Every structure is written in structure tokens, then in C-alpha cells.
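In what follows, a structure is listed as C-alpha cells, so that the remarks can point back to it.
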Amino acid sequence: MKYVLLTFLSMGIMMPVVAQQGGEKTQEGKILTMEEAVLGYGLWPQSRAVQWQGDRNVLTYIEEKNLMAETADRGEKTVLMTLDELNGLLGSELKGWPQYAWQDGKTLVIVRKGKRTEIDMESKRILRSIPVPEKAADLTYNGKDAYAFTRGNNLYYSDERGNEYPVTKDADPNIVNGQSVSRNEMGIHNGIFWSPDGKKLAFYRKDESQVSTFPLLDITTRTGSLKEIKYPMTGMPSEQISVGVYDLASQRTVFLDVTDFGREQYLTNVTWDPASEMIYLQVVDRAQKQVHLNKYNARNGEFVKTLLKEKNDRWVEPSDPLVFLKNDAGHFLYRTDNRDGYRNLYLCDTEGRNVRRLTDVDADVTYAGQDGRHVYYTSAEVSPVDNHLFRVDVKTGKKTRLTTAEGWHRAILSKDGKYFVDSYSSLNVPRVIELRQTDGKTVRELLRAENPTKNYNYGEITLGSLKSADGKFDNYYRLIKPMNFDPTKKYPVILYVYGGPHSQMVKNTWQAELRRWEMYMAQHGYVVFVMDNRGTSNQGAEYEKAIHRYCGQAEMADQMKGIEFLKSQPWVDADRIGVHGWSYGGFMTISLITNYPDVFKVAVAGGPVIDWKWYEVMYGERYMETPQSNPEGYAKVSLMNKAKDLKGKLLICQGAIDNTVLWEHSLSFIRECIKNQVQVDYFPYPCAEHNVFGRDRIHLMQKVTDYFEDYLK
């Protein structure tokens with residue numbers, strides 16, 4: 001990457017990196033259409049879907065309708081199976097290869113048209129076909145011969161012949177089995193957990209009888225109808241969770257004896273031990289300030305012991321199941337940011353006697369694999385906007401960096417840990433895929449993608465950083481200058497913002513994680529600015545938890561530092577600054593235009609949180625606590641109190657059947673504007689949930705664009 005250092009005397013800017021995408025720009029370069037800006041057909045860098053062939057050091061991929069194999073060491077290529085051969089086996093007329101997976105080094109798995117088909121690639125014959133249950137949700141395979149799934153509120157499983165068996169038979173609609181719980185917070189994304197031996201089935205059971213409902217309007221019926229959804233709001237009764245364990249042989253269910261924090265506790269990251277005898281749970285209290293790592297007997301559900309306890313005055317957020325060591329079932333990896341301030345991996349034993357920080361770095365890390373001797377992880381220790389692969393020796397703690405090219409790396413390890421496929425990009429590099437050895441050697445390059453936007457007239461993209469409002473952190477940004485930029489002119493600015501937890505909008509990836517609509521606006525004469533603030537991820541606990549009890553306050557202070565920087569530039573028109581964001585970004589958008597009415601002229605907010613008392617328990621109470629325990633915080637950040645302060649032009653877009661940020665939020669804000677005789681614009685999407693997808697999104701982004709064109713240009 002070419003670095004161009006820029007000096008901004010008043011702002012103390014750090015590490016600017018400038019990219020002129022697509023080479024030399026001319027007046028004849030292409031302009032994005034709105035469809036291209038939203039859907040991006042043909043504008044993604046070329047890639048290659050590469051898999052390891054089970055436990056073999058052989059890469060597989062599709063090339064010219066053939067399933068190819070390429071040996072890692074020599075690069076020898078062979079055709080494993082042609083599309084015609086696959087069609088002959090399946091009795092199908094496929095025009096291209098479907099998705100596939102490897103069960104082991106010689107068994108290919110394809111799931112389609114209601115069957116899971118296992119193919120022996122050496123003899124090129126079907127080993128067996130297992131029926132996939134029809135009209136099933138939450139479908140989960142045990143890796144051997146059975147599926148578990150839900151229909152309605154109950155859990156079932158089916159055997160390799162397709163015979164179905166009920167696991168639960170609850171008639172009460174308030175009792176839900178086998179589905180995700182806690183609205184997918186704390187790493188929860190499913191409700192079914194097969195034991196490693198495939199003989200037992202752990203599952204979530206959710207009792208929602210005390211949870212309030214909210215009506216969603218369905219206008220597609222002849223006279224309109226209401227759909228009631230369960231939605232636990234902050235400070236109100238929540239769901240009650242338990243974990244059952246069903247034994248397929250005895251057809252008996254036991255429930256884990258979890259009594260740590262009362263009935264409204266969270267049960268997260270269900271983990272089986274390798275022997276299928278024990279289950280580990282991370283149990284969190286309703287206030288989300290304490291977590292216990294507990295061990296249970298899967299045979300009878302009895303509590304065995306608490307291995308670890310953690311507490312944080314702001315919040316705890318365990319989001320990862322345990323990972324047992326490959327050659328040592330007595331030890332596992334546990335990820336937390338409560339011990340040393342960063343999300344690190346800790347090596348623990350199954351008796352709770354020893355805990356050792358394995359990734360001893362002041363940076364957030366993510367587990368990436370293991371080979372029996374080393375644990376592999378990706379880390380932000382080089383830079384929060386770069387992602388690199390490392391490994392650490394489990395016994396000695398010696399650490400080795402495995403990726404060197406700057407940028408954001410994603411790695412796929414071979415089974416034995418000898419090789420990895422390294423796919424990365426950076427600001428000026430669309431994509432490179434390399435095969436590398438874990439001893440540091442590059443074996444060969446598999447792909448170097450060209451810039452798919454080289455024929456487009458793109459504005460200049462800058463990646464840099466500014467100090468946070470408290471002076472303690474670096475907030476990274478991307479800045480897009482208008483097409484055919486003229487430094488003697490003054491341009492309007494659009495601040496695109498999200499700013500909430502679990503987000504990172506700016507990375508050292510190709511075009512700095514650019515959303516193409518931003519470039520569309522740059523091509524139409526706008527400066528576009530995007531910056532991650534305190535409260536977002538990948539810079540440690542202190543950075544993330546700065547928002548505690550007062551969502552929006554630290555975030556706004558940081559974003560205003562970005563605005564100060566922009567206003568210091570001679571080519572920025574300080575009288576024409578707009579802001580746009582969705583969801584948490586919608587909350588930030590309205591917060592900014594109402595708290596700084598003399599700075600922001602135009603705003604477009606999508607699906608905005610207006611008052612946290614209407615938001616869900618699991619997310620809202622983590623950051624804001626409850627309305628009862630933090631009334632001053634709820635009052636301060638509520639946008640209901642800010643409607644009267646709106647001076648500029650504001651458009652709110654809202655999915656009318658939004659089940660995440662309920663319609664109550666934006667409608668209540670509109671009502672408050674009416675009470676205060678404040679004009680505001682509103683556009684609902686009648687059949688959209690929290691986000692607007694597909695071709696409907698073209699309409700949405702044209703609506704957003706037109707609003708800025710009408711009132712900011």
C-alpha cells in the first residue's frame with residue numbers, strides 16, 4: 001500500500017492512507033446506477049470458494065463445472081467429479097454444482113431436494129441418502145444418522161429412514177422448544193445441541209407466559225389482521241429458560257439443575273464435552289453483571305460444580321462456547337474480556353483449578369483452530385483495522401505471527417494444521433488468496449483479483465484515525481471525496497453512522513469496507529464520512545463499555561470530533577452537513593440532529609430506537625440497565641425529550657412490521673413532533689421488518705438520496 005501523509009494542524013490526525021480506486025480517473029469513467037449501488041452486481045472482487053478435502057491436505061473447488069482437487073504440496077490438479085457424473089448419480093439435471101461439504105477425506109455430502117446424499121469419491125457411488133424432514137425449522141444434523149428439528153413450538157428428530165419421533169409435546173403456545181432464545185444475544189443463535197456421539201440431544205425450552213406481546217399489522221389479508229409477537233421490554237418480565245437433555249435410546253428427557261440467579265437468568269453457550277457425558281453452561285444473571293461457568297451431568301441433569309465466576313460492574317457478555325483441546329479432553333479454551341480488559345483466550349481445566357491466559361495480548365482475539373500443539377487465533381494486535389493470524393504454543397506460550405501482508409486476513413486451516421488458505425484484502429488490494437504453511441512459508445498464490453470498479457469514476461478514499469473525545473483512543477474513519485474533486489470548491493457532507501455495539505464499520509479491507517451507496521453519493525458531489533466511535537467493537541472492554549447507562553452520549557461526542565475535523569477542511573461546506581443511519585444508527589442520527597441542531601441541516605433515520613424503555617430486555621438492559629435502576633440515564637438519552645429541539649429536515653423510514661425496533665418507537669416520536677408543532681417527514685415500508693431487502697432496497701436508497709438532493713445539495 002502507498003501511504004500519503006496528510007497534515008491537519010488543528011486535529012492531530014493519525015495514519016492517513018489515501019487510495020485512488022480504479023487507477024487514473026477521467027471524466028469518462030462510469031457512474032454507478034442506484035441498482036449497482038444497492039445490489040452491486042459484478043462489483044465484488046473475484047473470489048474462489050476453496051475447501052479442504054476432509055482431513056487430507058488437498059484443496060477442492062469448482063472450475064468449469066468440475067469438482068477439482070489440488071494437492072497442497074505439489075499443486076497437482078485432478079478432476080474429482082464432473083457435473084455430468086454428479087447428475088448421473090443424483091438423477092438430476094443440474095446446470096451447475098450445488099453447495100457441497102466433506103464428511104471425511106473421501107466422502108462428499110450434498111443436501112438437496114429433501115435428501116442428504118453421501119458419495120464415496122473413490123468408487124463414485126452413493127453410500128446412502130438420508131431423508132430431510134419436510135416443513136421443518138431449526139434443522140440440525142447429528143453428524144451420523146439423524147436430524148433434529150422443530151415444527152411449531154415442539155422439537156422432533158428423524159432417523160436415517162425418515163421416521164419421525166417427538167421429543168416434546170407441549171400444547172401451550174407460551175412454551176417453545178428447540179428454538180433460539182434470548183433474542184439471539186450472547187452468542188446464542190440456535191436451540192438444538194447434539195452430543196458428539198449423536199446419541200443425546202440438548203435443547204432450549206423457553207417459557208414466555210409472563211412476556212408481554214406487541215401487535216404487528218399484516219395488510220396483505222383482505223381486511224387486515226394482527227400478528228402478536230412476544231417482546232420482553234426493558235424492566236418488564238422476561239422469558240424463563242431451561243435446558244433439556246433427551247436420550248434417543250431411552251426416549252427420556254432430563255433438565256439441567258440450574259439455580260444460580262433465579263428464573264430469569266440467561267443460559268448461554270451450551271457445550272458438550274468430547275465424551276458426551278458432561279454439559280457446560282455459562283449462566284448469566286438478569287442484570288448481566290455476573291457469569292458462572294457451570295458443569296452438569298448430562299445423564300441425570302445434576303449440577304456438578306462451578307468452574308469459574310466473573311463479575312463486572314458494567315456488564316458481562318459471554319458469547320463463545322468452550323473449545324476443548326484436540327488431544328486433551330481435560331482442558332478447554334474460554335474467551336472473555338472480564339479478566340484483562342480484552343477478549344482473550346484462556347486455557348482452563350475441567351475441574352476449575354487452573355486458568356491461564358493463553359493469548360497474552362492487549363487486543364481482542366478470535367479463535368481460529370488448533371493442531372494438537374498450537375492454538376491459532378486472529379487478532380487486532382497489529383491494528384484494530386487489520387486482522388492477522390497468529391499461533392501460540394499451548395505448553396510454552398510462544399507466539400508466532402503467520403500473516404504479514406497488511407490488511408484483513410481470513411484463514412482456513414488444514415486438519416493437521418500444516419497449511420492454511422489465506423484470503424485477504426486491504427485498501428488498494430481487492431483480494432488475494434494464498435496457500436501458506438504454518439511455519440511461515442508461502443506455498444503459492446491461488447488468486448489475485450482485479451479491481452472490478454476500475455472503469456468507474458470513483459472518488460478518493462482515505463483511511464485514517466482521530467482521537468476520541470476523551471483523548472484515550474483512536475477512532476478509525478473512511479473519507480470519500482467527491483468525484484473529480486476540486487479543492488477550491490466547497491462540498492456538502494453526509495455523515496453515515498451506526499456507532500452501536502458489535503459493529504465495526506471501518507476496516508483495512510478493499511475500499512475500507514465501503515458501502516457502494518457512499519460512492520454513489522460521492523459521485524453526485526458529496527463528501528461522505530464514516531467513523532467508528534467508542535462503543536463499537538475490536539478495541540477492548542474500556543472502548544466498548546464507555547456507553548454504559550448512557551447510550552448515545554460518548555458516541556455523539558466522538559462523532560462530533562469527526563465533524564470538527566471535517567469543518568476544518570477548506571473544501572467542506574459547514575452549512576451543509578447531513579447524517580444518515582439505520583437501527584442504532586437511526587438512534588444516533590436523530591440524537592445528532594436534535595442535540596446539535598445548528599450543525600446538522602438534514603437527517604435520514606431508519607428503524608430508529610427512540611426510547612430504550614421500548615427496547616428488548618436482553619440488549620437494552622445490558623447497556624442501559626433498567627428504567628427502574630437507571631431513570632436518569634433513560635431520561636437523558638430518550639429522543640422523546642428531543643423532538644421539540646428539531647430544527648433541520650428529518651426523514652424517518654420504518655418497516656411497518658419491524659419485530660426488532662417496534663413501530664411504537666418512530667410513531668411515538670412523530671406524535672411528539674405533532675404535539676410540539678415540529679414538522680417531520682415519514683415513510684413506512686408496509687411489508688418490511690427491521691431492514692428493507694432486495695429490490696425494495698433500491699426504492700429505499702433512492703428515497704434517502706432524493707431527500708439529501710432536495711434539502712442538502
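The structure displayed is predicted, hence computed values, not measured ones.
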Give the intermediate values and the outcome of side-chain hydrogen bond (donor to acceptor under 3.5 Å, both in side chains) for residues N154 and Y156. CA-CA 7 Å; N154 282 301; Y156 304 81; 4.7 Å; no
What verdict does the side-chain contact (heavy atoms from CB on, under 4.5 Å) test give for K199 and D247, after you've listed the backbone C-alpha separation in whole Å, the side-chain angles of each residue and the deciding distance to 0.1 Å? CA-CA 6 Å; K199 297 179 180 180; D247 183 273; 5.6 Å; no
Give the intermediate values and the outcome of side-chain hydrogen bond (donor to acceptor under 3.5 Å, both in side chains) for residues Y100 and T60. CA-CA 10 Å; Y100 69 92; T60 65; 3.1 Å; yes
Let me see the working for Y619 and Y584 under side-chain contact (heavy atoms from CB on, under 4.5 Å), right down to the final yes or no. CA-CA 12 Å; Y619 185 102; Y584 201 101; 3.5 Å; yes
Using salt bridge (Lys or Arg N to Asp or Glu O under 4.0 Å), reason through K305 and E351 one step at a time and then give a plain yes or no. CA-CA 8 Å; K305 69 187 307 182; E351 297 304 314; 3.7 Å; yes
Taking it one step at a time, do T306 and N294 satisfy side-chain hydrogen bond (donor to acceptor under 3.5 Å, both in side chains)? CA-CA 4 Å; T306 297; N294 291 348; 2.8 Å; yes
Given E616 and R183, is the salt bridge (Lys or Arg N to Asp or Glu O under 4.0 Å) satisfied, shown in steps? CA-CA 8 Å; E616 62 192 36; R183 295 185 66 84; 2.3 Å; yes
Would you sort out whether D362 and R357 count as a salt bridge (Lys or Arg N to Asp or Glu O under 4.0 Å), showing the intermediate values? CA-CA 11 Å; D362 289 343; R357 188 181 186 186; 3.6 Å; yes
Apply side-chain hydrogen bond (donor to acceptor under 3.5 Å, both in side chains) to residues N269 and Y334 and explain how you reach the verdict. CA-CA 11 Å; N269 302 299; Y334 174 73; over 6 Å; no
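In plain terms, the two heavy atoms of D371 and G417 that are nearest each other are CB-CA, 3.7 Å. Nearest heavy atoms, W97 versus I110: CZ3-CD1, 4.2 Å. Between V245 and A298 the shortest heavy-atom distance is CG1-O, 3.6 Å. In plain terms, the two heavy atoms of P196 and D273 that are nearest each other are CG-O, 3.4 Å.
Side-chain contact of D138 with T150: a donor-acceptor pair under 3.5 Å is present, judged by distance alone. The closest side-chain donor-acceptor pair between D207 and S209 falls under 3.5 angstrom. Side-chain contact of Y419 with D73: a donor-acceptor pair under 3.5 Å is absent, judged by distance alone.
The neighbour count for N300 CG, taken as heavy atoms of other residues, nucleotides or ligands under 6.0 Å away, is above 12. Around the NZ atom of K415, the shell of radius 6.0 Å holds no more than 12 heavy atoms that belong to other residues, nucleotides or ligands. In K309, the NZ atom is not crowded: 12 or fewer heavy atoms of neighbouring residues, nucleotides or ligands sit closer than 6.0 Å.
In this view, K115 and T117, S129 satisfy the side chain to side chain contact (heavy atoms under 4.5 Å, CB included) rule, not counting sequence neighbours.
R116 forms a cation-pi arrangement with Y141, by the criterion of a distance under 6.0 Å to the ring centre and an angle within 45° of the ring axis.
A salt bridge links D159 to R161: at least one charged side-chain nitrogen sits closer than 4.0 Å to a carboxylate oxygen.
The side-chain heavy atoms of Y246 and Q251, taken from C-beta on, include a pair separated by under 4.5 Å. The side-chain heavy atoms of R339 and V355, taken from C-beta on, include a pair separated by under 4.5 Å. Looking at L322 and Q282, their side chains come closer than 4.5 Å, going by heavy atoms from C-beta outward. Between L435 and E70 there is no side-chain heavy-atom pair separated by less than 4.5 Å. Side-chain contact between N312 and K289 is absent, with no heavy-atom pair separated by less than 4.5 Å.
Between I130 atom CD1 and K144 atom NZ the span is 11.5 Å, to the nearest 0.5 Å. Distance OG/S383 to NZ/K507: 12.5 Å, rounded to 0.5 Å. Taking CD from E544 and CG from D337, the interatomic distance works out to 6.5 Å, rounded to the nearest 0.5 Å.
In summary, of the residues considered (R314, H548, K545, E317), a side-chain contact (heavy atoms from CB on, under 4.5 Å) with R622 occurs for E317 alone. Checking each of D285, I241, V258, V284 against Q265 for a side-chain contact (heavy atoms from CB on, under 4.5 Å) leaves exactly one that passes, namely V258.
If you look at Y280 and F324, their ring centroids are closer than 6.0 Å. In this structure, Y266 has its ring center no closer than 6.0 Å to that of F261.
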